[in-house]
Amino acid sequence: MINLIKKWLISLGSPPLFFKWASKILPWFFPISILILLTGLIWGIGFAPTDYKQGDVYRIIFIHVPSAILGQSIYLMMAIFGFICLIWRAKLAGMFLRSAAPIGASFTLIALVSGAVWGKPTWGTWWVWDARLTSTLILFFLYAGIISLYSSIDNKQKGDRAASLISVVGVIIIPIIKKSVDWWQTLHQPSTFTITSAPSMTPDMYLPLLICVIGFYSILFSILLNTLRAEILIRERNTSWVRQFLNNQIKE
Amino acid sequence: MHPIRKQRLYVVLSILLGTAVAAFLVFKGLSENINLFYSPSDLKKEKISVDNQIRVGGMVKKDSINKENNSLRTSFVITDFEEDLLITYEGILPDLFSEEAGIVAKGKINEEGTFIANEVLAKHDENYMPPEVAKTLKDKK
């Protein structure tokens with residue numbers, strides 16, 4: 001059984017097999033992820049009750065929280081694949097870093113901007129240099145650093161290794177962002193959702209939020225599969241299987 | 001595991017460990033500077049001089065808000081449940097500013113120990129609920 005899983009994982013690590021697998025999944029998974037996301041957003045923004053204190057402004061939570069979660073989990077994934085890339089030199093791990101970095105940067109930026117828009121009417125300011133906001137900005141700069149590293153290094157393998165090293169070392173920022181609201185005094189409020197206690201939110205608010213988070217994750221998965229497919233085609237363009245694939249595409 | 005991979009593994013792990021230790025030491029050293037604001041009891045301990053621009057934070061005490069007629073001048077008392085601090089502020093307060101709500105104010109402390117704020121920000125908590133639920137909770141109290 002374990003051998004079978006191992007075999008399957010190794011086969012996923014091979015670019016042509018992964019390409020085929022991703023192409024099979026995407027056509028049905030992408031519409032489903034759009035559906036989940038729309039359900040969550042429409043429920044949250046249109047039908048969830050207003051908040052007793054913040055009124056309707058709190059509805060930014062349905063965009064802010066999922067994108068902040070994604071910004072951090074993409075970095076975590078990049079650190080894991082960076083680790084694999086550094087030690088096993090797996091091709092696909094490097095391609096993952098290359099295609100995930102811009103997506104992670106985008107979600108982090110969405111979290112920062114939506115947070116600023118939320119902060120103005122509630123806190124009274126767009127931005128403060130408190131620990132949570134500053135550490136999230138650093139995360140965005142880490143993404144920007146990885147992206148610019150890739151565009152400044154022509155050799156793909158070297159670029160992969162440099163980016164992997166930043167991802168692995170920079171992963172320190174993730175627990176700091178997560179715990180910043182508990183370790184230091186910040187303007188940002190502590191987490192509504194913790195593992196140890198019930199959410200400090202009523203179910204008619206956290207259920208749509210949960211669906212939004214699942215929707216954001218599935219959209220991320222779809223985007224990742226698609227950008228990875230493109231990256232595989234670009235990097236393997238001189239191999240016979242890509243030529244054959246492209247020839248077949250032209251014939252169709 | 002292949003010896004070269006094993007070696008790479010050790011190198012990467014030691015780099016990661018080194019960074020973690022360095023980050024820990026930096027943040028330990030800086031921890032007081034990373035805090036966004038002083039609480040009223042911190043302020044008592046630290047003895048901040050009169051001309052320093054600082055931020056203080058705490059909960060607005062019940063029945064302490066005093067609004068002057070025909071001006072934007074407001075005074076109120078914040079507390080961290082150990083020490084209190086009187087704050088005066090001239091300007092528009094954020095919507096979420098109210099009794100028993102958290103705030104962060106920026107400004108200077110004067111000789112009498114009153115805090116003259118030039119910016120007041122509202123802090124909100126992590127609790128969200130519909131108005132009806134909030135009302136039931138309040139009635140129960």
Looking at N35(B) and Q185(A), would you say the former's side chain and the latter's main chain have a donor-acceptor pair under 3.5 Å? yes
For I103(B), is it the side chain, the backbone, both or neither that has a heavy atom under 4.5 Å from a heavy atom of chain A? neither
Any sub-3.5 Å donor-acceptor pair from K135(B)'s side-chain atoms to Y52(A)'s backbone N or O? no
I92(B) atom CD1, neighbour heavy-atom count above 12 within 6.0 Å: no
Scanning both residues in full, the closest heavy-atom pair of K53(A) with S98(B) reads CE-OG, 4.5 Å
Most contact-rich option vs chain A, by heavy-atom pairs under 4.5 angstrom, among V120(B), L13(B), I34(B), is I34(B)
Going by heavy atoms in the side chains, are L16(B) and V171(A) under 4.5 Å from each other? yes
Atom pair CE (M201(A)) and CD (E126(B)), whose distance is rounded to the nearest 0.5 Å: 11.0 Å
Heavy-atom cut-off 4.5 Å, strictly under: side chain, backbone, both or neither for S164(A) against chain B? neither
Is it true that, when you exclude D95(B) itself, more than 12 heavy atoms of the residues, nucleotides or ligands shown sit nearer than 6.0 Å to its CG? no
Measure L9(B) against the heavy atoms of chain A and call it side chain, backbone, both or neither at under 4.5 Å. both
Pick whichever of T202(A), L187(A), V168(A) has the most heavy-atom pairs under 4.5 Å with chain B. L187(A)
Chain B: which of V169(A), T134(A), V128(A), I87(A) shares the most heavy-atom pairs with it under 4.5 Å? I87(A)
In this structure, are over 12 heavy atoms from other groups packed under 6.0 Å from R73(B) atom CZ? no
Part of I61(A) lying under 4.5 Å from any heavy atom of chain B: side chain
Would you mind telling me which of L86(A), V57(A), L165(A), D204(A) has the largest number of heavy-atom pairs within less than 4.5 Å of chain B? L86(A)
Counting only heavy atoms closer than 4.5 Å, note whether Y206(A) contacts chain B via side chain, backbone, both or neither. neither
Does a sphere of radius 6.0 Å around CD1 in I4(B) hold more than 12 heavy atoms from other residues, nucleotides or ligands, not counting ones at 6.0 Å or beyond? no
Under 4.5 Å between any side-chain heavy atoms of Q54(A) and H124(B), yes or no? yes
Honestly, the part of P94(B) sitting under 4.5 Å from a heavy atom of chain A is side chain
Most contact-rich option vs chain A, by heavy-atom pairs under 4.5 angstrom, among V133(B), D125(B), V104(B), is D125(B)
If you count every heavy atom of other residues, nucleotides or ligands that lies below 6.0 Å from E99(B) atom CD, does the total exceed 12? yes
I'd like to know which of F97(B), F37(B), Y38(B), F27(B) tops the heavy-atom pair count under 4.5 Å against chain A. F37(B)
Contacting region of P121(A) [heavy-atom separation from chain B under 4.5 Å]: backbone
Considering only heavy atoms, which portion of A20(B) lies under 4.5 Å from any heavy atom of chain A: side chain, backbone, both, or neither? both
So, for N127(B) and D51(A), which heavy atoms are closest and what is the spacing to 0.1 Å? O-OD1, 4.3 Å
CG on L36(B) to OG on S180(A), rounded to 0.5 Å: 11.5 Å
